2 protein chains.
Amino acid sequence: MRICLSHSSLKLTVMIHDRELRSLLHKFGLKVTAARLRVLGVLVHSPVALSHRDILEKMGEQTTDKVTLYRTLHSFADCGLIHKVATKERSWRYALHNGDPDTIPHDGDHAHFICDICERIYCMPAVIPDQKQQVELKRGFSLRSEEYRLHGTCPQCH
Amino acid sequence: MRICLSHSSLKLTVMIHDRELRSLLHKFGLKVTAARLRVLGVLVHSPVALSHRDILEKMGEQTTDKVTLYRTLHSFADCGLIHKVATKERSWRYALHNGDPDTIPHDGDHAHFICDICERIYCMPAVIPDQKQQVELKRGFSLRSEEYRLHGTCPQCH
DNA sequence: TTATTGTTGCAACAAGGTTGCAAATTGTAT
DNA sequence: ATACAATTTGCAACCTTGTTGCAACAATAA
């Protein structure tokens, strides 16, 4: 499944209301609760992956307990509504799967481009060489998955 | 410079004594202290990258204060004696640059193989395609560095 | 040998995250 | 609409990784 929520378009952003959020939760088999609606509301309006702290701050008045937020994010990630990306600052970033034409869905082999400046994480199409044969043959390593990370500056930060 | 300390050969391992460790510290412009000799002793005998906790445990009787260990590892990394690798468990792994014929020094493009079971991190020779051209041409991203990670099971855990 | 400078150990702290549990809320079956 | 079972929430306490400030101490250079 591929839910398309464009972040670049303000018009679309404004259109995301309670009804849409509820149906999104339903689609992923989650109970609709006040906290989940608020968290999802924040994620839906962000073009970049957010940290736990970012989300708490963006919730402002409507804030929740920090534990609730961690658990909410876990549920979202477990059912595939959002994805988690590890950062070198030993914390996680969370983002909705999005339909940005410049990125691809978060499955299959692809690269993550992590901007040094704004820390946005982009999923990029990439030709990743298959190392399985090479590595296994050489020393009995068996490969489960590959991750290719690119670090640099994104177009917005130039 | 390339310091060759084979981990696969017990004979060589046994040969690493106080004298060698001291000269290694000297070569990297570090003062020789008891704590540094002990930490270096542990790192020199490990074929895989170790966490702060691993090192403390391996030091056993000869243990140091945890802060001292953090600072020691920082000094080692700053001068290039060891390298740090980030893990998704929000902690660092530290390893000496080594001359193991099956791995390559930690500079230039290569891959990290991270074992799912024992979490050892291996530096692997790898043919990493240069994505710079492709990515920059396509959309104005500029690349600073690339990291290629392989996840799976290592020979020891089969 | 001494002066200078860098290193150690301790206590306290900070950020990110988890656990256990009682109270509140959701979805569902009636 | 009501009641019930199963989840979800919020709180307090806790854990892990890592850092800071500071006084005492040790390594090197003169």
Side-chain angles (χ1 to χ4, degrees), chain A residues 18-19 21-42 49-79 81-82 84-95 119, chain B residues 18-19 21-42 49-59 61-79 81-94 119 121:
Chain A
D18 196 71
R19 209 174 317 112
L21 299 181
R22 283 171 184 277
S23 96
L24 203 46
L25 290 174
H26 270 127
K27 279 179 187 165
F28 283 86
L30 295 167
K31 283 191 177 179
V32 175
T33 70
R36 284 174 179 174
L37 285 171
R38 279 180 265 138
V39 174
L40 191 53
V42 169
L50 299 173
S51 67
H52 177 273
R53 180 213 286 252
D54 292 336
I55 298 171
L56 269 192
E57 281 170 5
K58 282 186 191 288
M59 289 178 77
E61 302 282 301
Q62 307 259 43
T63 201
T64 57
D65 182 68
K66 64 171 188 156
V67 180
T68 300
L69 179 51
Y70 277 118
R71 292 200 265 229
T72 300
L73 293 169
H74 288 173
S75 326
F76 286 5
D78 282 349
C79 70
L81 211 188
I82 63 175
K84 279 167 83 168
V85 186
T87 69
K88 61 173 180 297
E89 284 77 28
R90 62 206 192 81
S91 64
W92 297 95
R93 301 275 166 147
Y94 307 85
E119 293 191 322
Chain B
D18 196 71
R19 209 174 318 111
L21 300 181
R22 283 171 184 276
S23 96
L24 203 45
L25 290 175
H26 270 126
K27 278 179 187 164
F28 284 87
L30 294 167
K31 284 191 176 177
V32 175
T33 70
R36 284 176 179 173
L37 285 171
R38 279 180 264 139
V39 174
L40 191 54
V42 169
L50 299 173
S51 67
H52 177 273
R53 181 211 287 251
D54 292 335
I55 298 171
L56 270 192
E57 282 171 6
K58 282 187 191 289
M59 289 177 77
E61 301 283 301
Q62 306 259 42
T63 200
T64 56
D65 182 68
K66 64 171 188 155
V67 179
T68 300
L69 179 50
Y70 277 118
R71 293 200 264 229
T72 300
L73 294 169
H74 287 174
S75 328
F76 286 5
D78 281 350
C79 70
L81 213 188
I82 62 174
H83 64 264
K84 279 166 82 168
V85 186
T87 68
K88 61 172 180 297
E89 284 77 28
R90 63 206 193 81
S91 64
W92 297 95
R93 302 277 167 146
Y94 307 85
E119 293 190 322
I121 295 171

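Model, not experiment: these values are computed from the prediction. Protein chains get the first letters and strands the later ones, always in sequence-line order, with residue 1 at the start of each.
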Any B:His52 side-chain N or O less than 4.0 Å from OP1/OP2 of D:dT16: no

B:Met59/B:Ile55 under side-chain contact (heavy atoms from CB on, under 4.5 Å): CA gap, chis, key distance, verdict: CA-CA 6 Å; B:Met59 289 177 77; B:Ile55 298 171; 4.0 Å; yes

From C:dG17, C:dT18, C:dG9, nucleotide with atom closest to B:Thr68 side chain: C:dG9

Distance, rounded to the nearest Å, where B:Lys66 contributes NZ and C:dT7 contributes P: 20 Å

For atom CZ of A:Arg36 and atom P of C:dA24, their distance in whole Å: 19 Å

Minimum heavy-atom distance B:Leu30-B:Phe76, with the two atoms named: CD1-CD1, 3.7 Å

Selection from D:dT20, C:dT18, D:dG10 that lies nearest to any side-chain heavy atom of A:Thr64: D:dG10

Euclidean distance, atom CZ of residue B:Arg53 to atom C1' of D:dG18 [Å, nearest integer]: 13 Å

For atom OH of B:Tyr70 and atom P of D:dG18, their distance in whole Å: 4 Å

Atom pair distance, as rounded to whole Å: CD in A:Gln62 and P in D:dT9: 14 Å

Out of C:dG9, C:dG16, D:dG18, whichever nucleotide has its closest atom nearest the side chain of B:Asp65: C:dG9

Sugar-phosphate, base or nothing in reach of A:Ser51, heavy atoms under 4.0 Å: nothing

Separation of D:dT16 P from B:Glu57 CD (nearest whole Å): 12 Å

Minimum side-chain heavy-atom gap B:Ser75-B:Arg36 below 4.5 Å: yes

B:Ser51 and B:Asp54: side chain donor to acceptor below 3.5 Å: yes

Distance, rounded to the nearest Å, where B:Asp54 contributes CG and D:dG18 contributes P: 11 Å

Contact letters for nucleotides 22-30 of chain D, in which S counts primed atoms plus P, OP1 and OP2 and B counts the base, heavy atoms under 4.0 Å: -----BS--

Side chain proximity check, B:Leu37 to B:Leu25, heavy atoms < 4.5 angstrom: yes

Integer-rounded Å distance: D:dT16 P and B:Trp92 CH2: 21 Å

Check: A:Lys66 main-chain N/O paired with A:His52 side-chain donor or acceptor under 3.5 Å: yes

Close side-chain approach of B:Leu40 to B:Leu81, heavy-atom, < 4.5 Å: yes

Any A:His74 side-chain N or O less than 4.0 Å from OP1/OP2 of C:dT18: yes

